[in-house]
Number of protein chains: 2
Amino acid sequence: MSLRFALLALLTSRPMTGYDVSKQFSQSVAHVWHAPDSQIYPELNRMERDGLLESTVVPWGKKGTKKEYAVTEAGVKAFREWMDSPIEIRRQREPAYLKAAYLEWAEPGAARAELEQFRDHWTEHLAMLEATRATLVDRSHPTLARRLEHYDASQWDRIVRYKIFAYDGLIDQARAAIAWAERGLVLVDELEGAPVD
Amino acid sequence: MSLRFALLALLTSRPMTGYDVSKQFSQSVAHVWHAPDSQIYPELNRMERDGLLESTVVPWGKKGTKKEYAVTEAGVKAFREWMDSPIEIRRQREPAYLKAAYLEWAEPGAARAELEQFRDHWTEHLAMLEATRATLVDRSHPTLARRLEHYDASQWDRIVRYKIFAYDGLIDQARAAIAWAERGLVLVDELEGAPVD
DNA sequence: TGCCACTACCTATAGACATAGGTAGTTTGT
DNA sequence: ACAAACTACCTATGTCTATAGGTAGTGGCA
């Protein structure tokens, strides 16, 4: 159900075509809520059917058309209601920690590879989060810039700081994950003997 | 697919009935991979069908019976293979961070309630993780104790330390989440004005 | 004897999600 | 003139997951 509100969140910055949504999504909202376009297109249709969005068909080239979605008043209301309602708590479901708990079953080499892969994934993810955070701080993030246009300048700081706050949380998590993986690599060396190569 | 291996992990400690699995699960493996019993029973059946488990029917009372599942050799092999194969990377999907990024849409009271609820959930979760960690350190954790029986005493430290390592990772994440929520509450007070009550 | 909590196991249903495709038009560069 | 890359949108399939039930036997106790 969160996908619907993630899409609403994105579309409050400006009306967009489905294609724009699926592209922009991966560069902003997807950092907190990932979804592939095969989930996005049908959801946009359902949201229009439910009156949260309305679409206008825009010509594109000679024969082509595209559909631009805008949030309706009912959409804004639904988004606000969701914002004011308690969050669902997500249950822990992380294969990396599951595996870590049973590392005595793994080959030492595989255990190391595992932890390195995990660390590298989060390191990459962290770099992306920090880069995005920087574009929020200097307000060059395109979606943010479009969003701020609807607001009085006195509100800008407030809006931006909430977004930075969200990214700070994600960055903390990424850092914690990386540090944990590093400790794991040290532990594997200690328990299995350092690799000989 | 991880559920299958989470169940295998649990059942390597000792054979268990489906009911035991679903009870024990929530006190150990569920900390890293949650699943309700409505998912567990069918999965156990499928695992037996696939030759990873074998079951023996045990009488229970006068008329009742229960099914005890034990991991087969094929099950052990599958578990080892999974342990040695690269992990799937989970995509970010956390409603709390999604909401945090759009907190300018929320009522100040709702924003505070949100963050408090998030903090309280993780505080509770942290207490549980720390309590469980302590039972691993002193080896009083029942599933761990049963597991260690299959191993030579020289291996005990190795096994226990991997489990502690996994919990340490979860504890780090919980602490980071709590600290983030606290910072969020301060931020809301700063941006929306402290609550008047 | 009846009731209740618990053990034991299972089903149904709907929605979420991943993965892997497909079609058709447009723009850009050579 | 043509290919390649991109825009635009959609479908199919299978699995996963949440939620909410259901049935039947057991053990204790009042």
Side-chain angles (χ1 to χ4, degrees), chain A residues 1-7 11 15-27 29-30 32-50 53 55-69 82 86-95 98, chain B residues 1-7 11 15-27 29-30 32-50 53 55-69 82 86-95 98:
Chain A
M1 199 68 309
S2 289
L3 174 59
R4 170 162 293 203
F5 300 103
L7 292 171
L11 282 160
M16 275 180 228
T17 65
Y19 188 74
D20 285 343
V21 170
S22 80
K23 292 296 136 181
Q24 287 302 112
F25 198 84
S26 61
Q27 286 163 51
V29 198
V32 288
W33 193 272
H34 171 271
D37 70 336
S38 65
Q39 232 184 312
I40 291 175
Y41 283 110
E43 186 61 27
L44 289 172
N45 280 328
R46 260 174 264 132
M47 288 165 76
E48 186 176 14
R49 184 201 62 199
D50 295 345
L53 300 180
S55 68
T56 46
V57 174
V58 177
W60 169 56
K62 286 187 210 80
K63 292 196 279 177
T65 58
K66 50 187 181 175
K67 235 162 122 186
E68 195 173 63
Y69 290 99
W82 178 73
I87 33 160
E88 326 104 75
I89 299 292
R90 290 240 110 191
R91 256 67 87 87
Q92 195 60 249
R93 208 167 262 146
E94 181 55 71
L98 171 56
Chain B
M1 201 64 315
S2 288
L3 174 59
R4 170 161 293 204
F5 299 103
L7 292 171
L11 281 160
M16 277 180 226
T17 66
Y19 188 74
D20 285 342
V21 169
S22 81
K23 292 296 135 183
Q24 287 301 113
F25 198 84
S26 61
Q27 287 163 51
V29 197
V32 289
W33 193 273
H34 170 271
D37 70 335
S38 65
Q39 232 185 313
I40 291 175
Y41 283 111
E43 185 62 26
L44 288 173
N45 279 329
R46 260 174 266 132
M47 287 164 76
E48 186 177 14
R49 184 202 62 199
D50 294 346
L53 301 179
S55 68
T56 46
V57 175
V58 176
W60 168 57
K62 284 188 212 79
K63 290 196 281 176
T65 58
K66 51 187 180 176
K67 236 162 121 186
E68 195 173 63
Y69 289 99
W82 179 73
I87 33 161
E88 325 104 76
I89 298 292
R90 290 240 109 190
R91 258 66 87 86
Q92 195 62 248
R93 207 167 263 147
E94 182 54 71
L98 171 56

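The structure displayed is predicted, hence computed values, not measured ones. Keep in mind that the numbers below use all heavy atoms, side chains included, and drop hydrogens, waters and symmetry copies. Each chain gets a letter, A, B and so on, in the order its sequence line appears, and its residues count up from 1.
Between B:Leu7 and B:Gln39 the shortest side-chain heavy-atom distance does not fall below 4.5 Å. Annotation: side chain of A:Asn45 is in contact with side chain of A:Tyr69 (closest heavy-atom distance under 4.5 Å). Side-chain contact between B:His34 and A:Gln92 is absent, with no heavy atoms from C-beta onward closer than 4.5 Å.
A salt bridge does not link A:Asp20 to A:Lys66: none of the charged side-chain nitrogens sits closer than 4.0 Å to a carboxylate oxygen.
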Measure all distances between protein nitrogen or oxygen atoms and nitrogen or oxygen atoms of nucleotides 13-17 of chain C, and list the pairs falling under 3.5 Å.
residue, atom, partner, partner atom, Å
C:dA16, OP1, A:Met1, N, 3.1
C:dC17, OP2, A:Gln39, NE2, 3.4
C:dC17, O3', B:Arg93, NH1, 2.8

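B:Asp37 comes within 4.0 angstrom of a nucleotide base, judged by non-hydrogen atoms across all strands. Using a 4.0 Å heavy-atom distance criterion, A:Lys67 is classed as a sugar-phosphate-only contact. At a threshold of 4.0 angstrom between heavy atoms, the contacts of A:Arg4 with the nucleic acid are absent.
Among A:Ile87, A:Ile89, A:Val32, the single residue meeting the side chain to side chain contact (heavy atoms under 4.5 Å, CB included) criterion with B:Pro95 is A:Ile87. Considering B:Glu48, B:Glu68, B:Lys67 as possible partners of B:Ser55, the one that fulfils the side-chain hydrogen bond (donor to acceptor under 3.5 Å, both in side chains) test is B:Glu48.
Nucleotides of DNA chain D with any atom under 4.0 Å from a heavy atom of chain B span, from 5' to 3', D:dC16 to D:dT26.
Residue B:Arg4 holds its CZ atom at 7.5 Å from CZ of B:Arg46, rounded to the nearest 0.5 Å. The CD atom of B:Glu88 sits 4.0 Å away from the OG atom of B:Ser2 when rounded to the nearest 0.5 Å.
The interatomic distance linking A:Ile40 (CD1) with C:dT19 (P) rounds to 15 Å, in whole Å.
Between A:Ser38 and B:Gly18, the one whose closest nucleotide on DNA chain C sits nearer the 5' end is B:Gly18.
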